[in-house]
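Working notes, structure below.
Remember, it's a predicted structure, so these values are computed and weren't measured experimentally. By convention here, the first residue in the shown sequence is residue 1.
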Amino acid sequence: QVRLVESGGGAVQAGGSLRLSCAAFGLSKTYGMGWFRQAPGMEREFVAALSWSSTRTLYGDGVKGRFTISRDPDKNTMDLQMNMLRPEDTAHYYCVARSSSIVVPTMHEWNYWGQGTQVTVSS
């Protein structure tokens, strides 16, 4: 059974940084992994994803140049380094995985979801 557990959320001022982590259990190393986020009253939004070998990465337009996704396949963990945070980055962030090495920004293509972790950025 696949289980994704996020950590590292919190509150930070605009311009600050946070690092989110996701621990994957029961997940093959060949799975793609990524992050989505959802702000109150908004639809879930693609943030970033990478293939199992980390050779392919995708970023949402709103985070390019500020966020960096990485993973350690040996430990089955994935991180999201978030720099230059803005109030509009405030959201619940979800770790996701899919049973394919191909990564896509489409929400329904992701098989597994964690419970999420809250990120709050104040101005």
Side-chain angles (χ1 to χ4, degrees):
Q1 185 176 357
V2 175
R3 189 164 63 98
L4 305 174
V5 180
E6 303 95 335
S7 61
V12 66
Q13 289 190 327
S17 299
L18 280 175
R19 189 176 185 90
L20 304 184
S21 294
C22 176
F25 302 91
L27 189 63
S28 165
K29 293 181 180 179
T30 59
Y31 277 42
M33 296 186 74
W35 296 90
F36 279 76
R37 67 185 181 185
Q38 187 169 22
M42 305 291 286
E43 294 185 352
R44 287 189 183 182
E45 175 189 21
F46 173 74
V47 176
L50 78 170
S51 60
W52 73 272
S53 61
S54 301
T55 54
R56 175 161 172 76
T57 57
L58 288 176
Y59 291 95
D61 289 340
V63 305
K64 285 179 182 177
R66 300 188 298 121
F67 291 11
T68 303
I69 190 171
S70 60
R71 76 188 282 186
D72 185 338
D74 292 330
K75 296 181 180 179
N76 243 353
T77 58
M78 176 185 61
D79 290 343
L80 184 69
Q81 178 65 41
M82 305 185 295
N83 298 328
M84 296 181 286
L85 283 162
R86 305 166 180 168
E88 53 264 40
D89 294 318
T90 295
H92 208 67
Y93 284 71
Y94 296 90
C95 173
V96 297
R98 69 189 301 256
S99 51
S100 169
S101 61
I102 299 172
V103 290
V104 293
T106 311
M107 186 173 65
H108 71 265
E109 294 284 352
W110 294 88
N111 309 81
Y112 304 102
W113 291 72
Q115 293 297 308
T117 185
Q118 180 66 32
V119 171
T120 302
V121 184
S122 58
S123 57

(request) Could you tell me which non-hydrogen atom of A24 sits nearest to which non-hydrogen atom of L4, and how far apart they are? (result) CB-CD2, 3.7 Å

(request) May I have the step-by-step check of side-chain contact (heavy atoms from CB on, under 4.5 Å) for D89 and M82, ending in yes or no? (result) CA-CA 9 Å; D89 294 318; M82 305 185 295; over 6 Å; no

(message) Any heavy-atom pair between the side chains of V119 and R37 that's under 4.5 Å?
(response) no

(message) Less than 4.5 Å apart, side chain to side chain, heavy atoms only: is that true for Y112 and Y31?
(response) yes

(message) For the CZ atom of F67 and the CG atom of D79, what is their distance to the nearest 0.5 Å?
(response) 13.5 Å

(message) Can you tell me how far apart SG (C22) and OH (Y94) are? Round to the nearest 0.5 Å.
(response) 13.5 Å

(message) Test question: given the 4.5 Å side-chain rule for I, L, V, M, F, W and Y, name all other residues clustered with M42, or answer none.
(response) none

(request) Mind checking the CG-CD spacing from L18 to Q81? Nearest 0.5 Å is all I need. (result) 8.5 Å

(message) Using 0.5 Å steps for rounding, measure from the CD1 atom of I69 to the OG1 atom of T57.
(response) 8.0 Å

(message) Assigning hydrophobic clusters by single linkage (Ile, Leu, Val, Met, Phe, Trp, Tyr; side-chain heavy-atom cutoff under 4.5 Å), is L58 placed with L20?
(response) no

(request) Indicate if V47 and Y59 have the same hydrophobic cluster label, given that clusters are the connected sets of ILVMFWY residues with side-chain heavy-atom separations under 4.5 angstrom. (result) yes

(message) Would you say V63 ends up clustered with V96 if hydrophobic residues are merged whenever their side chains have heavy atoms under 4.5 Å apart, either directly or through other cluster members?
(response) no

(message) How close do M84 and S17 get, counting heavy atoms only, and between which atoms?
(response) N-OG, 4.4 Å

(request) Identify the two heavy atoms, one from M33 and one from C95, that lie closest to each other, and give their separation to 0.1 Å. (result) CE-SG, 4.0 Å

(message) On a heavy-atom basis, which atom in S123 and which in P87 lie closest, and how many Å separate them?
(response) CB-CG, 3.9 Å

(message) Does the Lys NZ or Arg CZ of R44 fall within the cation-pi geometry relative to W113 - under 6.0 Å from the ring centre and within 45° of the axis?
(response) yes

(message) Can you give me the closest heavy-atom contact between E109 and V104, atom names plus distance?
(response) CB-CG2, 3.5 Å

(request) Please check if the side chain of R3 supplies one atom and the backbone of F25 the other of a donor-acceptor pair under 3.5 Å. (result) no

(request) Decide yes or no for M107 and F36: does some side-chain heavy atom of the first lie under 4.5 Å from some side-chain heavy atom of the second? (result) yes

(request) Look up atom CG in L80 and atom CG in L50, then write down how far apart they are to the nearest 0.5 Å. (result) 10.0 Å

(request) Kindly say whether A23 contributes a backbone atom to a donor-acceptor pair with the side chain of T77 at under 3.5 angstrom? (result) no

(request) Establish whether W110 and Y93 are linked, either directly or via other cluster members, by ILVMFWY side-chain heavy-atom contacts under 4.5 Å. (result) no

(request) In sequence, state the C-alpha distance, the side-chain angles, and the governing distance for R86 and R66, and then conclude on side-chain contact (heavy atoms from CB on, under 4.5 Å). (result) CA-CA 10 Å; R86 305 166 180 168; R66 300 188 298 121; 3.4 Å; yes

(request) Determine the minimum heavy-atom distance between V103 and R56, stating which atoms define it. (result) CG2-CG, 4.0 Å

(request) Drop me the distance from H92's NE2 to T117's OG1, to the nearest 0.5 angstrom. (result) 6.5 Å

(request) Assess whether side-chain contact (heavy atoms from CB on, under 4.5 Å) is satisfied between Q115 and V5, documenting all intermediate values. (result) CA-CA 7 Å; Q115 293 297 308; V5 180; over 6 Å; no

